[in-house]
J.: 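Have a look at this one.
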Amino acid sequence: MMGYESQGYEEAHLYASREEMESLVLDEPSNGSQSHSDSHNHPLSSSLPFAEIATDDDPMLSSPSSLMHPQNPNSSFNSILEPPSYADAIFRSFDGDHNSNGEINSHSSSGSLSSSPSFNSEYIRISVSDPQKEQELANSLVPGGNTYVTYLITTRTNMPQFGGSEFSVRRRFKDVVTLSDRLSESYRGLFIPLRPDKNAVESQVMQKQEFVEQRRVALEKYLCRLAAHPVIKKSDELRVFLQVQGKLPLVRTTDVASRMLDGAVKLPRQLFGESVGVVDPNEVVQPAKGGRDLLRIFKELKQSVANDWGGTKPPLVEEDKEFLEKKEKLQDFEQQVGNLSQQAESLVKAQQDIGETMGELGLAFVKLTKFETEEAIYNSQRVRAADMKNVATAAVKASRLYRELTAQTVKHLEKLHEYLGVMLAVNNAFSDRSSALLTVQTLLSDLSSLNSRIEKLEAASSKIFGGDRSRIRKIEELKETVRVTEDAKSCAIREYERIKENNKNELERLDKEKQDDFLSMLKGFVVNQAGYAEKMANVWEMVAEETSGYVKEGS
Amino acid sequence: MITQQRSLSGSSQSPRSPSSQPFLSVSVTDPAKMGNGVQAYISYKVITKTNLPEYQGPEKIVIRRYSDFVWLHDRVFEKYKGIFIPPLPEKSTVEKFRFSAEFIEMRRQALDIFVNRIASHHELQQSEDLRTFLQADEQTMERARSQETGIFKKKPADLMQIFKDVQSKVSDMVLGKEKPVEESNPEYEKLKHYIFELEDHLAEAQKHAYRLVKRHRELGQSLSDFGNAVKLLGACEGNALGKAFSELGVKSEILSIKLQKEANHLLMNFEEPLKDYFRAVQSIKATIGERASAFRQQCELAETIKLKEIDLNKLRLTRSERMADVEDEYEELKADGEEATRRFETIVRLMNEEIVRFQEQKTLDMGLAFHEFAKGQARLANAIADGWRSLLPKLEACSSSQH
């Protein structure tokens, strides 16, 4: 760009577009940084999925056109990034092109690069849209009533159990809570994706656009994750939720207070020990819930204290070494992922910052160029202005590249946040296991104490000739209790084994999906970084070339 | 491209064929910390290579410290009004930074450039003070330095004051009204305006350059921390994935080092030249101040002469005996007036030459700085691209080994 004697004021027409560039650049940083800090922070913290599938929608990976490695077809780089012909630095950012809503293909093995073909034919896609305010009709204590928001949940699927290919229902958040609770009860031991938070906020906030939109996104993510789980996607609960019109027929977990209030007739008596009653042994299959099974909770607590502090070994222990090893490894993993996800956030911020500063530098030079050109008296000034303009343009371009790089990096490293959520689901599943074990242990302890009481009574009454009426009656009662308790114990053991099996299967699945997901995350990250670095190198190489004349000979 | 016009080799490179061409080449090297505690300072070796007759011998080495350079600057500023004196690097205000390797190197480089600019300026190189600086032994230097301090020291506040004085008025006693004493030269006005605005622009550019250096360092640090965390995660996975992670971690750390290197390169080869440009503009402001002051002196003398003339004429009419004395005074004043006018006009002439040279030089300096900036960024980006790309086959190997 040297020796541009004639360049003079031809540049004037470019300054209109430079103003554009200035205003463009000045506008976008506030939007740009807003949008990706949003996408980075908030929807992720509430709904934490298990192995979110599909970086399929990432054009960087899927596009076949490759800029960098002709001999390496996998490391593709979308030609969208090559800006259209531009006079100076304007090229559109393509952040908006990415589809970030929850349409995913439900594969049993996740990861865009490693999908096992046998499941490809089955799909389910769920979208959440159209939030509407509705009025609560009955039970409103306040005149005017409560308003709540419902969402339209649309499902498209070819799975046979749905008996339909496309259908919609309206659900409110309470329904989602119900679904989540029922799933937790029915599928203990599975790594069930966590539902979005309840967010106890005032009704005013509830109705704000932003909040509703956040929730919509979170709900969609949640439902898609459920649909991605190989067991849960076939569950009745999910099907009912997605398909059955009208009021959701999943019964909520029984309300504690109302049970207490109506005389608590059906308190599970198997743990009472004193009186005999008709007890549904299957009640043991549910963990003790707060309030509902007060006595049971008390007993299980006593048992767990005895486990931890008592001198004797509990009647049954977790013996599965493999499981314990895996659990420990997962705890380690959880910690490291947490750490890495923090560092990833810092990295993203540092990238963002350097991009911003580069942009500001570019702008400062743009202004300086304009100034020199307008005030130029000497030709040396014009030459300098021309050089400066090149540098300014390059700096602004580089700044945009950094911004796009950052947005992409966020998308790739999001997986880390997701796995933190996965670990929560894993921990839930492990708690299911330990609480089931505790129930078994408690029942065993109970049985042994019942039996020893029977023994004592029998021994005492045998000393009395003819028997002791009251004692004999007592013994009968106790034996009845023992029978019931034995049944409960069998149930509890079955349940415990079932949960253990679930844990085992899920751990295998997690292992595999973890491998796939993380590898694809790493690849995505690396391709992204390499691609943008290359683009930046091109930009700067041009300027270096144009200014190469200034280098002194011999230096 | 503007070809470089340098009458003498001004850098520390080896001189051209020593036979006929006069040359004067200086280098400032080997910074060394001297003394202890509060009194500690850095000394530099100043090596002069020349074939000029005014100088002792083909090579001379002396030891100088920062305040010696300040002395030279101030002397030259006093004696060569109108010339844009090459700027000095600033005194460091932050105590702990004073002895950091980075600061010392930056300063050494700036001092080297400073002396060479003086040595290669066709007028300044004739300066006797330069000869003293380059050749005198340390005691002579110290003596000279302590004599001059206080009189010629110009602090930034003083420059501001000088500039305010441009606005000062000389009361016209005859007419009884005040008039501002400023040149009414539209071209010169334009120049002043240009210099002031340029200073603002450069201040901003330099600020962003400084921040950019910092950002490079921060990114380097983040990437290093990220690499560590990746490695830790890899350690708790086994197998292929663990390996992939640890490769990524290692690569991150390598690239982080490249970022730090580039930060340093950016500092020395881009930020420093920008700062130098900024300082040069401030030096021009100082010269503008000198010109204003010379102009004011000229005006004041002109006024005084006029008054004296009136006085003299009065005395002529009354044939006072004081007339002879006053005549003498008048002649003296006239001589002073001519001297002041000559001084002012010299400044104007020199400034006109200097501004042309300044613009040309700055185009060269900035052109090189831009080149280094772009080159450094390209080099960094390529290293990053290559580094990450080299990982891909390894990552591919990891995933294919699973299936």
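Predicted, not measured: the structure shown is a model, and the values here were computed from it. Letters A, B, ... mirror the listed sequences (proteins, then strands); counts begin at 1.
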J.: For Phe270(B), is it the side chain, the backbone, both, or neither that has a heavy atom closer than 4.5 Å to a heavy atom of chain A?
T.: side chain
J.: Are Tyr532(A) and Gln351(A) linked by a side-chain donor-acceptor pair shorter than 3.5 Å?
T.: no
J.: Name all residues meeting the side chain to side chain contact (heavy atoms under 4.5 Å, CB included) criterion together with Asp511(A); count only those two or more places apart in sequence or in a different chain, and write none if there are none.
T.: Lys514(A)
J.: Just by distance, with hydrogens left out, do Asn528(A) and Gln408(A) show a side-chain donor and acceptor under 3.5 Å apart?
T.: no
J.: Kindly assign one of parallel, tilted or perpendicular to the pair Phe226(B) and Phe525(A), based on the angle between their ring planes and the thresholds 30° and 60°.
T.: tilted
J.: Would you say Thr357(A) and Arg215(B) are linked by a side-chain donor-acceptor pair, where the criterion is simply a distance under 3.5 Å?
T.: yes
J.: Would Asp225(B) and Gln221(B) count as having a side-chain donor-acceptor pair, cut-off 3.5 Å?
T.: yes
J.: Answer with side chain, backbone, both or neither: which region of Asn239(B) has an atom nearer than 4.5 Å to a non-hydrogen atom of chain A?
T.: side chain
J.: If you count heavy-atom pairs under 4.5 Å between each of Gln335(A), Lys349(A), Glu541(A) and chain B, which one has the most?
T.: Glu541(A)
J.: What part of Phe518(A) gets within 4.5 angstrom of chain B, counting heavy atoms only: side chain, backbone, both, or neither?
T.: both
J.: Taking salt bridge (Lys or Arg N to Asp or Glu O under 4.0 Å) as the test, write out the residues that go with Glu247(B), two or more places apart.
T.: Lys243(B), Lys394(B)
J.: Do you see a donor-acceptor pair shorter than 3.5 Å between the side chains of Asp112(B) and Asn116(B)?
T.: yes
J.: Relative to chain A, which segment of Glu197(B) carries a heavy atom at a distance below 4.5 Å: side chain, backbone, both, or neither?
T.: both
J.: Give, as side chain, backbone, both or neither, the part of Leu248(B) having an atom under 4.5 angstrom from any heavy atom of chain A.
T.: side chain
J.: Could you pull out all residues at least two apart from Glu105(B) that satisfy salt bridge (Lys or Arg N to Asp or Glu O under 4.0 Å)?
T.: Arg108(B)
J.: Select all residues of residues 251-260 of chain B having any heavy atom within less than 4.5 Å of some heavy atom of chain A, and report them by number, or 'none'.
T.: none
J.: Given heavy-atom pairs under 4.5 angstrom as the criterion, report whether the side chain, backbone, both or neither of Leu233(B) touches chain A.
T.: both
J.: Pick one of side chain, backbone, both or neither for Leu198(B), based on which atoms fall under 4.5 Å of a heavy atom in chain A.
T.: both
